[in-house]
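Here is the naming used below: chain letters follow the sequence lines, and residue numbers restart at 1 for every chain.
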Amino acid sequence: MLWPHKDLLCISQLKSAEILHVFEMARRFAEINTRPVKKVPTLKGKSVILFFVEPSTRTKTSFDIAGKRLSADTYSLAASSSSLRKGENLKDSALTLQAMHPDALVLRHQQSGASEFLAQRLACSVINAGDGWHAHPTQALLDGFSLSEAWGEDMAGKTVLIVGDIAHSRVARSDVLLFTALGAQVRLCAPRTLLPSGVRQWPVEIFSNLTEACRGVDAVICLRLQLERQKAGLLPDLREYARTYGLGARHLNKANPGVLVMHPGPMNRGVEIDAALADAENSLILDQVSAGVATRMALLFLFLTRKDASDSGDEQSGRREPHQPHSPLLQED
Amino acid sequence: MPGPDLIVRNVRWQDELVSLWISQGVVQRLAPPDEPSAEGEQLHGEGMLLLPGLIDAHVHLREPGFEYKEDIASGLEAAARGGFSTVLAMANTRPVNDTAAVTALMRDRAARAHPYGPRLHPVGALTKGLAGQELAPLVELAEAGCVAFSNDGMPVANPDLFRRAMEYASDLGLVVIDHCEDPFLAEGTSMNEGRVSGLLGLKGQAVVAESMQVARDVLLADYLGLPIHLAHISCRQSVELIRWAKDRGVQVTAETCPHYLLWTEELLQGYNTLAKVNPPLRTKDDVLALRQAVREGVIDMLATDHAPHAEHEKEVPMDEAPNGISGLDTALSLSWSLVREGVLSLQDLLTRWTVGPATRFSLPVNRFLPGDPADFILFNPDLEWTVTPESLHSKGKNTPCLGQTLPGRVVTHGIAGKVLFHDAAAA
């Protein structure tokens, strides 16, 4: 497959065939991770900057390992050590990094839209490793890859439930797009205060009762609850949240046989997921971590070896013009 | 009666060709186009539309303090080119316009940069430093030339303080302008709360952040029997509350802006910071309600809420971008597009841009009757122009219109009979 994308910003940009292609590549790369010598020269000479303005150890390490196993040179930049701390704005930081000629920039940022902002301004590939509440496409791809390893690629007829703080979750937004694209039915379960605005128009079923929500599902993804939601008045306390929305084995009685339990991590054991359930046989949580490395290897491979703009005339490459709004006069009905 | 000192010939006024006779800064009369006169300078209108000079009751000219965004000279130049003979400038400068010294400085800068207009009328701060804690010295501000008071940009959360401010201002015969926004409901928001904010993962501002304050204000105005003016109304709920209040006889007036009549939250797609404005662009339903309200007069006036920012300030992720759209250059063209599409009549448009604000703020207005101030523009409705940074006279290039082609251009502007420019080539 000729990889047509310069950047990975959001699952919505991918066709389902492209998602399956990422899974296929990840499956091949997963094999490398089981060898005694876990390194191949595929991306030798390529440089990848890991620009994590919002701190994240897990995702950064996953990308770092993925790059190094393919022999790319990876360079980590954290907000604490970067000039963003000194008041430099994101555009200038990015242009500075670009002047060092990386082949890809992996961005984690606390603001929604930050990766699109950079992608419009940078010639190198921008891979969104999570932007605000908006998108976390590599997490969704690894979630999908983990389930496709268990189920096979055809997800039609499968039901995936996402439980927890949907409103503030980039994982939930990306997972909904990905599983819907692959033909699965998606359910959301959360208190009303943690549902995003406009969610009734999403292609999902919405539940407020966790036992009801789990009836007939094939996989449950628990989301991390950020402890500051309590201060923002979105829920009374962790105890009540855990009682109402913490996933336990008892909720899964009416789920489909073989139901799988997932969590993007890091977990609050005993809050959004029962401590024992996280370690149970049907937990995919550690498989997700392994799948993460393989998926990111696949993505780095696809983005770093794609044909260049100069070769293919691909207009998505290189500097794109910033967003040009088009706003025809709104018509009265 | 002295003869005319300026005759604007061959202009269209209410579908007739006329000439405008001006003497000593005021309208003498509208005469047949060819009526001869031995006196007076002649200016050829080339069949352009003759319109009264517009009044913008809501601009931010940024001086003193933020001259890199806009200054009084550039802001008034944009006003002149946009067709505005008079503007009311808000108080959120640095220092805040809460003393006679700042008011005097603003008026002085305007008089020096644009001695023949557009006229700048400062709006004084309602509370000291716009902090919402203590009343600003409203008497001092009124004496220095402020024509109204407002905490625009920093809405007063405390209803008791707001009530006292309305009462205190009423002794001066001046009205309080409220930027209706509940600070708790609006905290940390970047756009309208709705479908698009949910998809983009941005914290949205619910319409009730505005409408709850509208309700508070009209109830206070009703209880106190005092007037209130509501700035930049953006949603249906607010319109319905204002309509209710007016039906009840409450002395409430309200404004909306061209952007709320044209665009919706969809414009924020792609994290377009140029469309970030407060109150935020809402939904189609709100747009339609506002259009209806402008036609009915429930919304009394249009205003730009001209909010210029430097380019680099908008070139950041959405949450960091400042609110505001630069409006003076494009407002008439944008509102003209609504006339062209049959959404508003020309009469609606002119009333909302002239008589509406003039009545509320007790300003002179040109109805082309003898003795009216000779503030006029000649407008070429067929001339289209493409909005580019260079085409805008404001320093603020922050408008979602960039790259768009808009209908209609002001080719001539006269204020009190003085012709600021006469762009014969554009006519």
Side-chain angles (χ1 to χ4, degrees), chain A residues 9-10 12 53 84 88-95 107 109-121 128 130-136 166-174 176-177 195-202 232-233 320-333, chain B residues 184 187-188 190-206 259 261-275 281 283-288 291-292 312-321 334 337-338 340-343 399-404 406-407:
Chain A
L9 305 178
C10 179
S12 61
V53 180
L84 278 170
E88 186 176 65
N89 71 26
L90 183 59
K91 181 190 168 190
D92 290 327
S93 301
L95 292 177
L107 177 73
H109 199 281
Q110 64 280 3
Q111 296 204 23
S112 298
S115 58
E116 183 160 341
F117 177 85
L118 283 199
Q120 285 168 358
R121 289 165 177 81
N128 182 3
D131 64 327
W133 307 340
H134 170 235
H136 195 350
I166 314 287
H168 306 97
S169 174
R170 52 191 169 224
V171 176
R173 283 181 179 77
S174 289
V176 167
L177 290 167
L195 284 173
S197 59
V199 72
R200 306 275 156 194
Q201 294 169 63
W202 293 15
R320 283 188 300 181
E321 284 305 305
H323 181 77
Q324 283 290 340
H326 173 67
S327 51
L329 191 73
L330 196 147
Q331 295 300 316
E332 316 232 355
D333 290 327
Chain B
F184 296 101
E187 195 191 340
S190 288
M191 63 174 298
N192 184 48
E193 177 176 294
R195 191 187 76 87
V196 181
S197 68
L199 291 177
L200 294 180
L202 292 171
K203 188 171 180 193
Q205 184 187 119
H259 42 270
L261 296 173
L262 284 160
W263 303 321
T264 69
E265 60 181 3
E266 297 294 332
L267 207 58
L268 276 290
Q269 294 271 18
Y271 300 94
N272 178 10
T273 57
L274 294 177
L281 299 176
T283 66
K284 182 174 178 181
D285 180 59
D286 296 299
V287 169
L288 297 182
R291 289 175 176 184
Q292 178 68 22
H312 71 270
E313 293 177 301
K314 283 282 194 179
E315 217 183 349
V316 291
M318 186 63 76
D319 286 339
E320 284 173 28
L334 289 174
S337 71
L338 291 166
R340 214 172 55 163
E341 299 292 323
V343 173
T399 163
C401 300
L402 282 180
Q404 281 189 39
L406 300 182

Looking only at heavy atoms, what is the nearest atom pair of Q111(A) and D319(B), with distance? OE1-CB, 3.2 Å
Rounded to the nearest 0.5 Å, how far does NE2 of H312(B) lie from CG of D92(A)? 9.5 Å
Holding to side chain to side chain contact (heavy atoms under 4.5 Å, CB included), I want the full list of residues that pass it with K91(A), two or more places apart in sequence or in another chain. N89(A), L95(A), F117(A), R121(A), E315(B)
Taking the side chain as every heavy atom from C-beta outward, state whether L200(B) and S112(A) have any pair of such atoms under 4.5 Å apart. no
Quick check for you: to the nearest 0.5 Å, what is the distance between Y271(B) atom OH and L9(A) atom CG? 10.0 Å
Between E116(A) and G270(B) the two heavy atoms that sit nearest each other are OE2-CA, 3.5 Å
Can you name the residues that form a salt bridge (charged side-chain N to carboxylate O under 4.0 Å, His left out) with R173(A), not counting sequence neighbours? none
What option among S169(A), G198(A), G113(A) has the most heavy-atom pairs under 4.5 Å with chain B? G113(A)
Tell me, side chain or backbone of E320(B) under 4.5 Å from chain A's heavy atoms, or both, or neither? both
